[in-house]
> 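Structure in C-alpha cells, see below.
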There are 4 protein chains.
Amino acid sequence: MKKTVIIEKEEVELKNPILIEGLPGLGMVGKIAVKYLIKQLKARKFAELYSPHFAYYVLVDSKGSISLLKNEFYYWRNENGENDLILLTGDSQAQTVEGQYEVADAILEFARKKNAKIIITVGGYRRDVTGTPQVFASATSPEVLKKALDAGSISSPPGSPIVGAAGVLLGLAKFKQIDGICLLGETPGYMPDPKAAKSVLTVIMRMLGLKLDLTDLDREIYKIAQVEEELRRIEEQRKAAEREVWREEKEKISYIG
Amino acid sequence: MKKTVIIEKEEVELKNPILIEGLPGLGMVGKIAVKYLIKQLKARKFAELYSPHFAYYVLVDSKGSISLLKNEFYYWRNENGENDLILLTGDSQAQTVEGQYEVADAILEFARKKNAKIIITVGGYRRDVTGTPQVFASATSPEVLKKALDAGSISSPPGSPIVGAAGVLLGLAKFKQIDGICLLGETPGYMPDPKAAKSVLTVIMRMLGLKLDLTDLDREIYKIAQVEEELRRIEEQRKAAEREVWREEKEKISYIG
Amino acid sequence: MKKTVIIEKEEVELKNPILIEGLPGLGMVGKIAVKYLIKQLKARKFAELYSPHFAYYVLVDSKGSISLLKNEFYYWRNENGENDLILLTGDSQAQTVEGQYEVADAILEFARKKNAKIIITVGGYRRDVTGTPQVFASATSPEVLKKALDAGSISSPPGSPIVGAAGVLLGLAKFKQIDGICLLGETPGYMPDPKAAKSVLTVIMRMLGLKLDLTDLDREIYKIAQVEEELRRIEEQRKAAEREVWREEKEKISYIG
Amino acid sequence: MKKTVIIEKEEVELKNPILIEGLPGLGMVGKIAVKYLIKQLKARKFAELYSPHFAYYVLVDSKGSISLLKNEFYYWRNENGENDLILLTGDSQAQTVEGQYEVADAILEFARKKNAKIIITVGGYRRDVTGTPQVFASATSPEVLKKALDAGSISSPPGSPIVGAAGVLLGLAKFKQIDGICLLGETPGYMPDPKAAKSVLTVIMRMLGLKLDLTDLDREIYKIAQVEEELRRIEEQRKAAEREVWREEKEKISYIG
C-alpha cells in the first residue's frame, strides 16, 4: 500500500447525503459522537479507508483477529427527511502533515462521488468546563455557519486553530465545492468526554431534525464522572501521604540539629 | 492537494515587478513589514498559494469562516516609478526541509512568470538591540548587495545562516536567473517587533524611492513597548515574591535548628 | 536506491512455503527465534532486501567489510512435511510510518511470488515475567488463530497494539489473500531475551511438527541470566554507596547545626 | 528543486580517478582532511551538488553573497601516478534517512560516470584519545581493506556502525560495482579535530603514494590545542567559584543553626 485507499464493501446510492466525521482527537469528542450516531441510527458500514500515513501498529480485536488501522464509512437512510447520512469514524488520523492532506483529499473525493454537498466535522475545544459544555462552530461560509448557530452553537473565537482532520477536511472542502461546518465541544480533554459529545449531538440533532435517545450517553457520562471522582480521591491520598513524609523529614532534621 | 499550488484570482500584467516576501518568522519582522506595505500602498490581492507542507490546522476568521493556511500575493501599480511591486505574506512557512524547497520553487516559478527580475526577502536577525535596530543585508551577488548597502543597511557577517523562506528563496533564485536581496532587522525575537520592521522598511523605501507614512507603525511600536513594560513589572513582582518565600523558609530552618 | 528492493541470490522453487519473520524489536525475541531456526535447520540464504527507509548507517563485520543494513530471506526444504520454510530476519526495521508500509508491501509481494499462503510473525510482549514466558497469539482470522492456540499459545488481549513489522505485515496480508499469525513472547524487553524466544519456538515447533534441539538456546538463557545477576549486584553496590554518602551528609549537617 | 542535482561547471576527463569524500560530521575530521587535500594539491572545482534534503537555511559568504547549502567536487591531475583524484566536500549532509540514500545515489552515479573505480570516505570515530589518534578502516571487501591496513590503519571493530554519508556511500557502492574504503580517525568529537584529520591524511598519503606538506595542519592543531587549554582554564575557574559559593552557604547555615 503506497497511497490512501478507500474500499467499498457495498455500492449504495444515497439521497443528498451529509457526511459527519468524528475521528480520534481531543477528549475523543468526535469519535464518541459519531459512534453514538452509528449505534442509535443502526447505520450500516459500506466502506473502509486504509492509509500508509496512519501509525505503524495494528490492533487485535476480541476474537484475537488483527486489523490494520482504518477509518470506516457508515450510511443511514433517512426515511422522513431530505438528507441521508454518511458517518465517518475510525482508529487513527494521519501522522504527518503531508498524510493529513492526502487522507483528507481521499475522503473528500469519496464524499463528492457520493454527492455529499455538506460535511460536518466534530472535535473537542480545550477549556475548563463548568456546567454544560458549549459548542463552538465555524464553517466554510457565514451562510452555512448560520445553520449551526441557529441550532444552539456559538461562533468560534477568531484566530483559533482547528487542528487535524476536523480542520483540514473543511479547509480543502472549498476546493471541491463542498460546504462544511465544524462543531467543537468544550472539554478539558484529558479523558474521553461523552458530556462534550452530548452537547455536540444536541446541536446536530437540531440542525438535521433528528430525534435520538441520549439515555445510553448519559450512562457513559455517569461512568466517566465516577472514574474522575476515584482519580481525585487517589490524588488526595497521595498528597496527604506526601505531607506526612515531609512532616517526618522535618522532625528528623530538627532532631539532628 | 498533493503539491503546492498557486491560484490566480486576477490575471494582471505588471511592469518590471519586484517581489517582496515577508512570511512569519523571527520577531514577525518580515510579516509586519510586508503587511504594512500592503496596507499603506492599498495593494490588491491577486493570487493565493496552498501547500500540503504547511501545518495541519486551519484558522477561523472573525466571521467564523474557516480557511486553510495559505500565502497571499498582492500587487501595487507604481505610477511614478519603474517597478511595480508583488507583495507576498501569509500564515505559515513549510514545516519540513523538502517542503521549504518545494514551496520556494513554486514561488520562484510564479515570480518568473510575472517577469520579476529581483526578489527582496525580509526577516529578523536575533540580537540584543540598543537604540534603532540595524538592518543586515546579503544578496545573490556583490553588485546587487550594493543597492541595499547604499540604502543604509550593513553587510551580514560572513557565515551567518539565513533560515527558512527568506534564505531558501534566494538560494534557489540563482538557478532561475533572478537576483535577490535579503534584509534582516535586528530583533531580540521573542515578541512581534514593529521596530525592527520599521528599520527594514526605511531601507526598502530608500532602495525603491518609495514615500510611505510610518505613523501607524509608530503606534504599533508604542503599544508593544507598553506590553514589554508590563511584562517587566510582572516579572519583578514575581521575583520579589520569590525572595520573600525564600526569607521565610530560612527563618523556619533557623527555628527548627 | 529510491525504493525497497529484494535481490534474489538463488532462484528456488518451494513447496507450500510458510514465511516466518523475526526482525529486531522488543527483547529481540523475533530475531533470536528466527536466527535460531536458521542455524538449527541449516537454512540457506537466497535473497536480500535493501531499503532507503532503514537507518542511515552501515555495519562493519568481523572481516572489516561494510554492508548496508538489510533483511535476509533463508529457505529450508522440509523433507518430511508439507511445508517448506522461508525465514526472514535482518539488521533493521523501517524508520518511518510510510517506510514500514513500503517494506511490508515488498515482503508480501515476494511471499506471494514464492506461493506462501501463510506468514508467522514473531515479537515480544512487554510484561513482567514470572516463570516460563507465555506466548500471546493473534491472527488474520479466528480459524487461523486456532492453530496457534492449539499449539499452546494464548489469545492476545483485545485492544493490544502490535507495533512494527510483526503487525503491519499481518495487517497488509489480508489484502494479498495471505493468512497470518503473530506470536509474541512475554518479555520485560530491556535485554535480549532468549527465554521468550524459546517459548515462541516451542509453539512454532508444535504448530509445524518440527523437532529442534533447544540446548544451544538454553546456554544463551544461562548466559543472559548471569549478566542480569551481575547487573543486579552492581546496582546493589551503587545503592549501598548512595546510602553511605547520605549518612555522611547527615552527620555533617548535624555537626554544622 | 525537487531532487538532488549535480551541476558540472567544467567537463573534465580523468585518469582512473579515486574519489575521496569528507563531509561535515564527527569532529569535522572528513571535512578538514579533504579541504586540506584540496588546498595542498591546488585542486580545481568542477561540479556542485544541490539537494532539497539538506537543511533549510542558506549561508552568507565574506562578500555578503548568499548560497544554498551544497557539496562540491574538485579534481586533481596526478602527473606522476596512476590515479587522478576527485575530492568531495561541502556544507551539509542530508537531513533524513531517505535523503541520505538519494544523495549518496547521486554521488555514486556521478562517480561512475567519471570512471571512478574506488571511493575513500573519511570521518571520525568517537573515543577518548591519548597520543596520536589511530585510524580505523573498513571496506567493501577484505582485499580492498588490505590496502588501508598496509598503509598503517587498523581494522574497525566488528559491529561498529558507520553513520551518515561515509557509511551509506560505501554500502551503496557495491551495487554500482565500485570498491570502497572508509577511514575513521579517533576523536573525542566535541571540537573540530585537525589531529585526527592528520592521522587519516597520513594513511591516505601512504596508500596513494602522495607527498604532502602537513605544516599548515600542524598550525591548526596548535591553535585548537590552545583553545582547549583556554576552555579547561575557564572550567577550572568556574569550579573554584562554585566551591566558594558552596562554602559560604554552609557558613550561613551554620550561623542560622
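Convention: sequence-line order gives letters A, B, ...; per-chain numbering from 1. Values in this document were obtained by computation on a predicted structure and should not be read as measured data.
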> Could you tell me which portion of F175(C) (side chain, backbone, both or neither) has an atom closer than 4.5 angstrom to a non-hydrogen atom of chain A?
side chain
> I want to check something: taking the side chain as every heavy atom from C-beta on, are S138(C) and I66(A) in contact at a cut-off of under 4.5 Å?
yes
> Mind checking the CG-OG spacing from L59(A) to S156(C)? Nearest 0.5 Å is all I need.
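The OG atom of S156(C) is 11.5 Å from CG of L59(A), to the nearest 0.5 Å.
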> Just checking E235(A): does its CD atom have more than 12 heavy atoms from other residues, nucleotides or ligands closer to it than 6.0 angstrom?
yes
> Are there more than 12 heavy atoms of other residues, nucleotides or ligands under 6.0 Å from atom CG of D128(C)?
no
> Can you tell me if NZ on K146(C) sees more than 12 non-hydrogen neighbours from other groups inside 6.0 Å?
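Atom NZ in K146(C) is not crowded, with 12 or fewer foreign heavy atoms closer than 6.0 Å.
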> Do Y101(C) and F54(A) have their ring centres less than 6.0 Å from each other?
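Distance test on ring centres: not under 6.0 Å, no.
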> Can you tell which part of T96(A) gets under 4.5 Å to a heavy atom of chain C, answering side chain, backbone, both or neither?
side chain
> Please identify, among P161(C), S155(C), G180(C), the residue contributing the most non-hydrogen atom pairs under 4.5 Å to chain A.
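Going by pairs under 4.5 Å, I would pick P161(C).
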> Has the side chain of K174(C) got a donor or acceptor atom that lies under 3.5 Å from a matching backbone atom of L68(A)?
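The answer is no, because no donor-acceptor pair under 3.5 Å joins these two groups.
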> May I ask you to check whether over 12 heavy atoms, not counting those of K35(A), lie within 6.0 Å of atom NZ?
no
> With a cut-off of 3.5 Å and sequence neighbours excluded, list every side-chain donor-acceptor pair involving residues 102-111 of chain C.
unit_1	atom_1	unit_2	atom_2	d
E102(C)	OE1	H53(C)	NE2	2.9
E102(C)	OE2	T4(C)	N	2.8
E102(C)	OE2	T4(C)	OG1	2.7
D105(C)	OD1	M1(A)	N	2.2
D105(C)	OD2	M1(A)	N	3.4
E109(C)	OE2	R112(C)	NH2	3.1
E109(C)	OE2	K176(C)	NZ	2.8

> Just to verify, which of L184(C), I162(C), L145(C) counts as forming a side-chain contact (heavy atoms from CB on, under 4.5 Å) with V60(A)?
I162(C)
> Which atoms form the tightest heavy-atom contact between P142(C) and S65(A), and what is the distance?
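P142(C) and S65(A) have their closest heavy atoms at CD-OG, 3.5 Å.
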> Look at atom CD of Q237(A) and say whether more than 12 heavy atoms of other residues, nucleotides or ligands are closer to it than 6.0 Å.
yes
> At a 4.5 Å cut-off on heavy atoms, which part of Q100(C) comes close to chain A: side chain, backbone, both, or neither?
side chain
> Less than 4.5 Å to any heavy atom of chain C: does that hold for the side chain of K63(A), its backbone, both, or neither?
both
> Surrounding NZ of K31(C) (heavy atoms of other residues, nucleotides or ligands, distance under 6.0 Å), is the total greater than 12?
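Above 12, so yes.
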> Taking all heavy atoms of S62(A) and all of P158(C), pick out the closest pair and write down the distance.
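In this case the closest contact between S62(A) and P158(C) is CA-CB, 3.6 Å.
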